[in-house]
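Written out below as structure tokens is the structure these notes cover.
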Amino acid sequence: MSNTETSDRFESGDILRYAILGLAGFLSLVPFVYMLLLSGMNQYEAINASTWIPKTFLFENFETAWAYGKFWLYAINTVVVTLFSTLGQVVFCALAGYAFASIPFKGKRMAFLLLLITLMVPEAVLITPTFTVIKGQIFGIAILNILTLTLIASAATLLLYAVLSVYATVTARQIPVWPLTFVGLVAFVGMLLLAGVVNQDFGGVLSEELWPPKTLLNTYQVMILPIIGNAYSIFLFRQFFIQLPDELWQAARLEGANHLQYFVRVVVPLSVPAFSTIGVLAFIWSWNSYAWPILTQTGADPKFTLSVGLRELSDDYIGHIPAQMAGAVIVVLPVMVAQSMQPEANTAADESDSDGSEVGD
């Protein structure tokens, strides 16, 4: 077979491949484009099946969804829950993934296998036991409050320490990382306390969130804590970190570094694609959360997220299709932006080799 025939066959194969991908991409975009077009129509155009493009794009539909649907309040709740759940998931799952990848300890193989088993458990099965825990029926509410404060303090400390350490590494400056971390935490706590004293409403919300008296229901933290320890994120971090050569740890060890210093000064700067990928995934999972906020926000003043608010908007404007589509655009747009920011990196989960798939005790 000549080189010309081989190249022609490869070109025809590429054309077919791109044609299939283009068709799949077009079919995937059609619902989103039509949703955007519907959000700008009037009611008559929306119910007219022959109308695809609005004569005049009506931005009033977005104002209706944002104001009457209380989307501004749902947006605040969603941003708070998504921000803290994403940061917590990245911090704790990265540390757990590093432990599975680089720290030898007895029973590591069994612990990792148990972690993988949890990926096969349906989420619906975990709703009842998790709901029982957050109501304080398994552990006392005081124990849950102490655990929550410990997790918040640990996450804030580790995050600030990592940021300062990465800054010192990138800028090649010798800065007192731990003293600056302590000062930063004290300043942050002081600002929160001062804001709570100045604004009594904020102080009441802060006290209810940090130390709820009876149950974790109707709080922000009940929507944040259960998704911080995500098994899939731990697995992805572990697969990323296991690719790093062991010589880096040996060199850092010779310089007197411990595991935490090696992690924040070497592993984190080399694993930016991993943190970006998992951060985007955690953002999407938290932003799209629907069932759990409905189950846990049962009080007179529920802290619903945008996904739940979209359902309420559909109930109030059951016949107003443009307003419903405008609300859907508001909910979906941040997710699409976050998805477009996801880096195109080859994860270790897709590149499993014989060395990376083994975990020794």
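Fair warning: this is a prediction, and the values are worked out from it, not measured in the lab.
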Any side-chain to backbone donor/acceptor pair from [X] onto [Y]? Under 3.5 Å, distance only.
X: Trp292; Y: Val222; answer: yes
X: Glu208; Y: Thr219; answer: no
X: Gln89; Y: Asn230; answer: no
X: Ser39; Y: Leu36; answer: yes
X: Asn218; Y: Pro302; answer: no
X: Thr277; Y: Ala274; answer: no
X: Ser233; Y: Ala94; answer: no

So do [Y] and [X] actually touch side chain to side chain, heavy atoms under 4.5 Å?
X: Asp246; Y: Trp249; result: yes
X: Val280; Y: Thr86; result: no
X: Leu225; Y: Leu144; result: no
X: Val264; Y: Thr169; result: no
X: Leu116; Y: Leu119; result: yes
X: Phe71; Y: Val331; result: yes
X: Ile175; Y: Tyr167; result: yes
X: Leu217; Y: Ile134; result: yes

How far does [atom1] of [X] sit from [atom2] of [Y], to the nearest 0.5 angstrom?
X: Trp178; Y: Tyr161; atom1: CH2; atom2: OH; answer: 5.5 Å
X: Leu254; Y: Glu247; atom1: CG; atom2: CD; answer: 11.5 Å
X: Ile47; Y: Ile321; atom1: CD1; atom2: CD1; answer: 7.0 Å
X: Ile138; Y: Thr132; atom1: CD1; atom2: OG1; answer: 6.0 Å
X: Ile278; Y: Leu236; atom1: CD1; atom2: CG; answer: 5.0 Å
X: Arg238; Y: Gln243; atom1: CZ; atom2: CD; answer: 10.5 Å

Check for me, please, whether [X] and [Y] land in the same ILVMFWY cluster - side-chain distances under 4.5 Å, paths through other members count.
X: Ile294; Y: Leu310; result: yes
X: Tyr34; Y: Ile53; result: yes
X: Val133; Y: Ile127; result: yes
X: Ile234; Y: Leu260; result: yes
X: Val268; Y: Ile103; result: yes

**Request:** Please lay out, stage by stage, how Met35 and Phe32 fare under the test side-chain contact (heavy atoms from CB on, under 4.5 Å).
**Result:** CA-CA 5 Å; Met35 176 182 67; Phe32 295 100; 4.1 Å; yes
Heavy-atom closest pair, residues [X] and [Y]:
X: Leu151; Y: Phe92; answer: O-CZ, 3.5 Å
X: Gly97; Y: Phe237; answer: CA-CB, 4.1 Å
X: Pro54; Y: Gly40; answer: CB-O, 3.7 Å
X: Leu115; Y: Ala231; answer: CD1-CB, 3.5 Å
X: Met41; Y: Asn61; answer: O-ND2, 3.0 Å
X: Pro293; Y: Met223; answer: CB-SD, 3.7 Å

Step by step, would you call Glu209 with Lys303 a side-chain contact (heavy atoms from CB on, under 4.5 Å)?
-> CA-CA 12 Å; Glu209 288 295 327; Lys303 298 179 177 65; 3.5 Å; yes
* To do: Over 60° means perpendicular and under 30° means parallel, so classify the ring planes of Phe100 and Phe105, tilted if in between.
  =>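 Correct class here is tilted.
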Ring-plane angle category for Phe241 and Tyr98, please: parallel below 30°, perpendicular beyond 60°, tilted otherwise.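 Taking Tyr98 first and then Phe241, their aromatic rings stand perpendicular (interplane angle over 60°).
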**Request:** Show your working on side-chain contact (heavy atoms from CB on, under 4.5 Å) between Leu126 and Glu123 and close with a plain yes or no.
**Result:** CA-CA 5 Å; Leu126 302 176; Glu123 184 178 356; 5.7 Å; no
CZ/Phe139: more than 12 non-hydrogen atoms of other groups inside 6.0 Å:
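No - once you tally the heavy atoms of other residues, nucleotides and ligands closer than 6.0 Å, there are 12 at most.
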Does Gln250, at its CD atom, have more than 12 non-hydrogen atoms belonging to other residues, nucleotides or ligands within less than 6.0 Å?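 Result for CD/Gln250: enclosed.
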Return all side-chain donor-acceptor pairs below 3.5 angstrom for residues 76-85, not counting sequence neighbours, or 'none' if the list is empty.
{"residue": "Asn77", "atom": "OD1", "partner": "Tyr220", "partner atom": "OH", "Å": "2.6"}
{"residue": "Asn77", "atom": "ND2", "partner": "Leu73", "partner atom": "O", "Å": "3.4"}
{"residue": "Asn77", "atom": "ND2", "partner": "Phe304", "partner atom": "O", "Å": "2.9"}
{"residue": "Thr78", "atom": "OG1", "partner": "Tyr74", "partner atom": "O", "Å": "2.6"}
{"residue": "Thr78", "atom": "OG1", "partner": "Leu306", "partner atom": "N", "Å": "2.8"}
{"residue": "Thr82", "atom": "OG1", "partner": "Thr78", "partner atom": "O", "Å": "2.7"}
{"residue": "Ser85", "atom": "OG", "partner": "Val81", "partner atom": "O", "Å": "2.6"}
{"residue": "Ser85", "atom": "OG", "partner": "Thr82", "partner atom": "O", "Å": "3.2"}
{"residue": "Ser85", "atom": "OG", "partner": "Ser286", "partner atom": "OG", "Å": "2.9"}

- Considering the options Thr148, Thr296, Leu210, which one meets the side chain to side chain contact (heavy atoms under 4.5 Å, CB included) requirement together with Gln221?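 Result: among Thr148, Thr296, Leu210, Thr148 is the only option passing the side chain to side chain contact (heavy atoms under 4.5 Å, CB included) with Gln221.
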- What do the steps show when you test Trp287 against Phe283 for ring-ring contact (aromatic ring centres under 6.0 Å, His included), and what is the final call? CA-CA 6 Å; Trp287 188 275; Phe283 173 87; 5.4 Å; yes
*Begin from the C-alpha positions of Tyr262 and Arg253 and carry the test side chain to side chain donor-acceptor pair (under 3.5 Å) through to its verdict.*
CA-CA 8 Å; Tyr262 170 69; Arg253 190 177 181 182; over 6 Å; no
inquiry  = side-chain contact (heavy atoms from CB on, under 4.5 Å), that's the test. Do Lys135 and Phe131 meet it? Break it down for me.
reply    = CA-CA 6 Å; Lys135 287 185 67 177; Phe131 193 81; 3.2 Å; yes
Determine all donor-acceptor pairs shorter than 3.5 Å in which one atom belongs to a side chain in residues 190-197; sequence neighbours excluded.
none

